[in-house]
Engineer: 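The structure follows.
These numbers come from a predicted model, not from an experiment.
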Amino acid sequence: MQRNSVFADNFAYPFLVKACSLFKQVQMIHTHVEKFGFLNDIFVPNALIDSYCKCGLGGVDVARKLFYTMSERDVVSWNSMISGLVKSGELGEARRLFDEMPERNTWSWNTVLDGYAKAGEMSAAFELFGKMHERNVISWSTMVLGYSKSGDMDMARMMFDKMPVKNLVPWTIMISGYAEKGFAKEAFTLYDQMERSGLKLDSGAFISILAASSESGLLGLGRRIHTSVGRSRFRHSTQVCNALVDMYAKCGSLDKAMKVFDGMVERDVVSWNSILQGLAMHGHGERALELFSRMRCEGFTPNGVTFIGVLCACTHGGLVDDGRHYFSIMGKDYGIVPQVKHYGCMIDLLGRGGHLTEAFKLVQDLPMEPNAIILGTLLGACRKRNNVELTEKVIDQLIKLDPSNANNYSILSNIYATAGHWSNFTKVRLQMKSASTQKLPGASSIELDDGVHEFTVADRSHPQSSRIYKMMDRLGHHLKQVGYVPRAY
DNA sequence: TTAGGGTTAG
């Protein structure tokens, strides 16, 4: 009896390898096929290269070794290796291999093209695109996406309009691109065109456009997509409904988010996380925590993202003790190792709750290097307490991490001004000038029927500017009457 | 067996 007959033959191995997502599993099969001599069948090492690259964690290095030891390579071996290199960010080496290839097909070109587009190197992408002998929908879509992600919607549109054949993907990319950047009118018009052209959206298209709408708060477009979802066969899709919940929550329509959530046929952990985050974001700390216990009662296991929502809920509800409690149980009861983001939430919670020393201690004891977000959160807490000494310490670290961020200098100078330390104030102002940093004005935006309107401090560019400021004065007056005292800086 | 859009995260 042959023992290996219970395993697989050379035809089954590529499928078996493809089903593996863990490095160890791929490695196990690798050892096995090597032992039985199946590596000579090119399908097997090709599948191994692909799987090694997809499981991350140094998988690319093992794939690379395998690639170079292969006695014979076909175009798929090269493409798989190049794709792996592109995905792990080793674009230079990917290009070198591409140039060395004995023969290339459209897949090879598209893989490198995608690498440039993802890296935002659009001039390199454009050059490569120009040299292609054969382009397919994927080549064109890659260019449209690349331009859209790099913010050049005009070029994206030009490519889109020039495409000889379009399918759902480029339409989705283009509409999502407009939506993400707040071009409501363009997104709407294009969406209409797509529907009129008879294309039926799939769940990916719905999710993509919804995610883009929530990014810039385009409630109008989100509602429109919701109507289409309702008419489609995806109206009960968990993923699509999750995207709807998130969209409504982020666009400030919490009731609608709740309604979609309640109406869902099947929920997963993402559904719970989305609604929990929505409640927390809008200051309903207690309701979010109630939902959290309901989630556990219904048998769902919280993950790391859930706890970010939970801690955020505690912060916005001023529930410091609850926050401490949940932070401690996430490791104890659920085996979740706190990530930087969790520490960020805790520092925010403690800082806002007035426990500055404890927040400081947490940063000092951090198991990882504090990043700009952690320090920025701590800074926010210091500012609130007007603590000059601690602020100086934090800013010092922050400026080292990110010397070009003008906000840091600006906050420090404000703190000095408030405390009356005028010589220090002047010093920082001079430092700002010499570092040639300029504070970018913060902008707010609002969506009306005809699109998103953006405005900044002392903005007079709007045609109805004087009416807007009159209304602002009235509101300010009203706020003072009800007892609001603005912060000094 | 290899390529394109897509949900939750201070």
Engineer: Taking the side chain of A:Val76 as heavy atoms from C-beta outward, which of B:dT2, B:dT7, B:dT8 is closest to it?
Structural biologist: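 For A:Val76, the side-chain atoms sit closest to B:dT2.
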
Engineer: Does the B:dG6 base have a donor-acceptor partner in the side chain of A:Ser203 within less than 3.5 Å?
Structural biologist: yes

Engineer: Once hydrogens and angles are ignored, does a donor-acceptor distance under 3.5 Å link the base of B:dG5 to the side chain of A:Ser176?
Structural biologist: no

Engineer: Does A:Gln277 place a side-chain N or O at less than 4.0 Å from the phosphate oxygens OP1/OP2 of B:dG10?
Structural biologist: yes

Engineer: Could you check whether A:Arg96 pairs with A:Glu90 (Lys NZ or Arg NE/NH1/NH2 to Asp/Glu carboxylate O, under 4.0 Å)?
Structural biologist: no

Engineer: Counting side-chain heavy atoms from CB outward, which of B:dG4, B:dA9, B:dG5 is closest to A:Ile308?
Structural biologist: B:dA9

Engineer: Test for a donor-acceptor pair under 3.5 Å between the base of B:dG4 and the side chain of A:Asn136, counting only N and O atoms.
Structural biologist: no

Engineer: Does A:Lys118 make a side-chain N or O approach to OP1 or OP2 of B:dG5 shorter than 4.0 Å?
Structural biologist: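 Checking A:Lys118 against B:dG5: at least one side-chain N or O falls below 4.0 Å of OP1 or OP2.
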
Engineer: Does a donor on one side chain and an acceptor on the other come within less than 3.5 Å for A:Ser77 and A:Asp74?
Structural biologist: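 There is such a pair between these side chains.
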
Engineer: If the cut-off is 4.0 Å, is A:Lys87 near the phosphate of B:dG4, judged by side-chain N/O to OP1 or OP2?
Structural biologist: yes

Engineer: Which of these nucleotides, B:dA9, B:dT7, B:dA3, is closest to any side-chain atom of A:Asn110?
Structural biologist: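 Ranking B:dA9, B:dT7, B:dA3 by closest atom to the A:Asn110 side chain puts B:dA3 first.
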
Engineer: Between A:Lys149 and B:dG4, does any side-chain N or O lie under 4.0 Å from OP1 or OP2?
Structural biologist: no

Engineer: Run the salt-bridge test on A:Arg196 and A:Asp192 with the 4.0 Å N-O cut-off and return the result as yes or no.
Structural biologist: no

Engineer: Considering only heavy atoms and no angle criterion, is a donor-acceptor pair shorter than 3.5 Å present between the side chain of A:Asp202 and the base of B:dG5?
Structural biologist: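 Under the 3.5 Å cut-off, the side chain and the base do form a donor-acceptor pair.
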
Engineer: Do the side chains of A:Arg64 and A:Asp61 get close enough for a salt bridge, i.e. N-O under 4.0 angstrom?
Structural biologist: yes

Engineer: Counting just side-chain N and O atoms, does A:Lys54 come under 4.0 Å of either OP1 or OP2 of B:dA3?
Structural biologist: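 It does, given that an N or O in the side chain of A:Lys54 lies less than 4.0 Å from OP1 or OP2 of B:dA3.
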
Engineer: How many whole angstroms separate atom CG of A:Asp348 from atom C1' of B:dA9?
Structural biologist: 14 Å

Engineer: B:dA3 C1' sits how many Å from A:Ile138 CD1, rounded?
Structural biologist: 5 Å

Engineer: Under a 4.0 Å threshold between the charged nitrogen and the carboxylate oxygen, would A:Asp154 count as salt-bridged to A:Arg157?
Structural biologist: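 So A:Arg157 does not pair with A:Asp154 through a salt bridge.
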
